[in-house]
**Student:** 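Handing you this structure, nothing more for now.
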Amino acid sequence: MINITLPDNTVQQHESGITAMEIAKKISEGLARNIISAEVNGEIWDATRPINKDARLKLLTWNDDGGKATMWHSSAHLMAEAIEQLFPGVKFGIGPDIENGFYYDIDTGDRTLTESDLVDIEKRMIDLAREKQQFERVDISKPEALKYFTEKGDEYKIELINDLTDGEITLYKSGTFTDLCRGPHVPDTGMIKAVKLLNIAGAYWRGDEKRKQLTRIYGITFPKKKELDEYLLMLEEAKKRDHRKLGKELELFTFSQKVGSGLPLWLPKGAQLRERLEQYLKRVQKEAGYLPVITPHIGNVNLYKISGHYDKYGQDSFRPITTPVEGEAFFLKPMNCPHHCEIFNAKPHSYKDLPIRYAEFGTVYRYEQSGELHGLTRVRGFTQDDAHIFCMPDQIKDEFKSVIKIIMRIFKALDFKEFVTQISLRDPNTPEKYIGSDENWEKAERAIIEVAEEEGLDAITEYGEAAFYGPKMDFMVKDAIGRKWQLGTIQVDYNLPERFDLTYTGSDNEKHRPVMIHRAPFGSLERFVAVLVEHCAGNFPLWLSPDQAIILPISEKYQKFAEKVLQFLNNSDIRALIDDRGEKISRKIRDAEVKKIPYMLIVGEKEESENQVSIRKHGEGDLGSFSLEEFAVLINKEVNRLQGFEV
RNA sequence: GCCGGUGUAGCUCAGUUGGCCAGAGCAGCUGAUUUGUAAUCAGCUGGUCGGGGGUUCGAAUCCCUCCACCGGCUCCA
């Protein structure tokens, strides 16, 4: 007999070899029907896999992430089976479950799969699912596994097997498809009731651009048709929040082929929005002791040779521009840090001066591969809210923490609740990608890890995500359709101070090396605005909204009064305009709603006689009549509250 | 950069197997209407069908090429 501990800590005694499915049946038939897989001592197993020793058991259904993962992983197998039947001879790479669904990488040989093939594959998947195919788990020796896939002619699986240890290799068979797989899988494919293959894309084998590109098909499945419909509807809704669409509709920014791809043009409303973000951060930074600096848009190539950026990115940059007579070469500035180092070097520093914090909204230009450009989130010219903090080693943690405070303040002011804090460290397997001594790297990495712990940040750690000169703490936010973007970043750097020979005089009257912290709370204004637009679906918080109120006269008779109201609002620092078209009030309201203007002020006979305005709030409706003074107080209170400043 | 897809007016889209001057709605302009909480009516303007080349008696429709954009991959100082 073995002891099975359930999540509520009750312990059941069972025969050795019992399965999660059998245990579920004893609890209830309904549960047994819904069970997808089971967590056994923290590992996800097939519900039908025998348990031979004491275990903690959690039964997983569609309501558990682990259950969804199992179902989607099985769906990948189901799709592979369908594809193999429809297109015999294709070879398979990997086919995992992902956050929302699954994919499979396929080598289709000479054939090219297109969107229209997806429909056929979906149909076949549904047919196969209805057969209620069971997954059979087979332990297999390494030589046998190699023999099987050699005979099948699938070199990708052979490569995968060669990296595995003999004795730990399993195959899963379902229907006509057999795959190298560690599982787990659904009890049978009948649970998969709704299938949608979402898109088709190229993907390099093992993520290596030097290797063959396979065809990747992304899909998602559900246990109920209704859930699929809801998911597709949700995707449609998300697309409406896309900053590229809203940016056009709300006249925030545009691109021009004549100007060049990846070079955003900020329209007046977008420029105003961006300026407000800059003003806000300048105010916060002034309080935090930052000093403004300004540097040019180009820099001598030698500057970047000293910083190390030339070696790392010189070939992947815009070509240098040269002076016509002397032939001196200059790069468009791809980052601000080397310039700021030279500002630090402009005069000698005492330890008493530190930390010194130089801040600049610095516009930089980077050559991004054409296929990488993406709206405002990935562009070739952008403005960083950059600053570099030069400090003594024992000041690093405090400075780092005060930067975190600024980032949290901004995220709070803009209601960014869902972000991921990521500690980006070196990849220990590729030391050639990084500059600087191991000792300095370890110091820098340790500082970041300790700060995260001391601040109680729930951070994930990613190896290989560090900058080439130092580790980072990055703040990631998702866009409307779930893509993750890095916004804020804080980086500890021991390297540039050495390369630029930065020094300060310590209390011992000796020269010492400062440490540099690179930081950008927004990251880039372009990307930040993009994510902000998607986050609020274009309904900006009042303090950022390009137009805060629109005055809607009932008819031309009230134009004079409308102008009086406008003047009052302007004097009260409220951004407003008048819709003086000869349209009906309902039309003016509709247009103002579509433009997402926060407040509509309706003025007619009643309002004029009582010197009031009738307020309608965007998305909410009529709030009733108020005096102008009351409205101004209302607005200014809301603006200050949202920005996190004292009223 | 790579794989696949798309490209018709400022925007959203129609344009049958290549065939008469390329269409609609919205926006814009002009006029009428002077309006009470999400679209008043009428008229008009606007496109070398992404650029270039080719096939053809004839190309928005077929082919080649370049560009841009979209979905991924790779990359992201």
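These figures come from a predicted structure and were not determined experimentally. Below, all heavy atoms of this structure are taken into account, side chains as well, without hydrogens, waters or symmetry copies. Just so it is clear: chains get the letters A, B, ... in the order the sequence lines come, proteins before strands, and each one is counted from 1.
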**Student:** Sticking with atom C1', work out how far A14(B) lies from G58(B), rounded to a whole angstrom.
**Tutor:** 23 Å

**Student:** Any donor-acceptor pair under 3.5 Å between the side chain of Tyr367(A) and the base of G1(B)?
**Tutor:**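 By the distance-only test, no, there is no pair.
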
**Student:** Compare the ring of Tyr218(A) with the six-membered ring in the base of G72(B) and state whether they stack (centres under 5.5 Å, planes under 30°).
**Tutor:**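 The base of G72(B) is not stacked with Tyr218(A) (the test needs centres under 5.5 Å and planes under 30°).
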
**Student:** Checking only heavy atoms, does the side chain of Arg590(A) share a donor-acceptor pair with the base of A39(B) at less than 3.5 Å?
**Tutor:** yes

**Student:** Quantified in whole Å, what is the C1' atom distance between nucleotide U40(B) and nucleotide U33(B)?
**Tutor:**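 Each nucleotide's C1' atom is 7 Å from the other's.
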
**Student:** Ignoring hydrogens and angles, are the base of C76(B) and the side chain of Glu368(A) linked by a donor-acceptor pair under 3.5 Å?
**Tutor:** no

**Student:** Going by atom types alone, do Asn440(A) and Glu498(A) pair a side-chain donor with an acceptor below 3.5 Å?
**Tutor:**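 Looking only at side-chain atoms, Glu498(A) and Asn440(A) do form a donor-acceptor pair, the distance falling under 3.5 Å.
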
**Student:** Does Arg211(A) contact C73(B) through a side-chain donor or acceptor facing the base, at a distance under 3.5 Å?
**Tutor:**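 Under the 3.5 Å cut-off, the side chain and the base do not form any donor-acceptor pair.
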
**Student:** Output yes when at least one side-chain N/O atom of Arg483(A) is less than 4.0 Å from OP1 or OP2 of G72(B), else no.
**Tutor:**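 Yes, Arg483(A) has a side-chain N/O under 4.0 Å of OP1/OP2 on G72(B).
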
**Student:** If I pick the P atom on G10(B) and the same atom on G47(B), what distance separates them, to the nearest angstrom?
**Tutor:** 8 Å

**Student:** When you get a sec, tell me which of G36(B), U40(B), G5(B) is the closest nucleotide to the side chain of Glu583(A)?
**Tutor:**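 Looking only at side-chain atoms, Glu583(A) lies closest to U40(B).
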
**Student:** Looking only at atom P, what distance separates A9(B) and U65(B), rounded to whole Å?
**Tutor:** 25 Å

**Student:** Hey, are Arg241(A) and Glu237(A) close enough for a salt bridge, meaning a charged N less than 4.0 Å from a carboxylate O?
**Tutor:**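 No.
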
**Student:** Which one, C2(B), A77(B), A38(B), comes nearest to the side chain of Ile589(A)?
**Tutor:** A38(B)

**Student:** Less than 3.5 Å between a donor and an acceptor, one on the side chain of Ser586(A) and one on the base of U35(B), is that the case here?
**Tutor:**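 Not at all, since no donor on one side and acceptor on the other fall under 3.5 Å apart.
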
**Student:** Is Asp105(A) paired with Arg216(A) through a side-chain N to carboxylate O contact shorter than 4.0 Å?
**Tutor:** yes

**Student:** Which listed nucleotide (U37(B), A77(B), C2(B)) is nearest to the side chain of Asp622(A)?
**Tutor:** U37(B)

**Student:** Can you tell me if His374(A) touches the phosphate of G71(B), counting only side-chain N or O atoms and a distance under 4.0 Å to OP1 or OP2?
**Tutor:**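 His374(A) to G71(B) OP1/OP2: side-chain N or O found under 4.0 Å.
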
**Student:** Contact class for Ala203(A) (heavy atom, under 4.0 Å): base, sugar-phosphate, or nothing?
**Tutor:** sugar-phosphate

**Student:** What is the nucleic acid contact for Lys606(A), judged by heavy atoms within less than 4.0 Å: base, sugar-phosphate only, or nothing?
**Tutor:** base

**Student:** Using the side-chain heavy atoms of Arg244(A), tell me which of these nucleotides is nearest: C73(B), A38(B), C70(B).
**Tutor:** C70(B)

**Student:** Could you pick out which residue, Glu115(A) or Cys337(A), lies toward the 5' side of RNA chain B when each is mapped onto its nearest nucleotide?
**Tutor:**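 That would be Glu115(A).
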
**Student:** Hey, is the side chain of Ser261(A) poking within less than 4.0 Å of OP1 or OP2 on A68(B), counting only N and O atoms?
**Tutor:** yes

**Student:** Looking at U35(B), I'd like to know if its phosphate oxygens (OP1 or OP2) sit under 4.0 Å from a side-chain N or O belonging to Arg587(A).
**Tutor:**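 Arg587(A) to U35(B) OP1/OP2: no side-chain N or O under 4.0 Å.
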
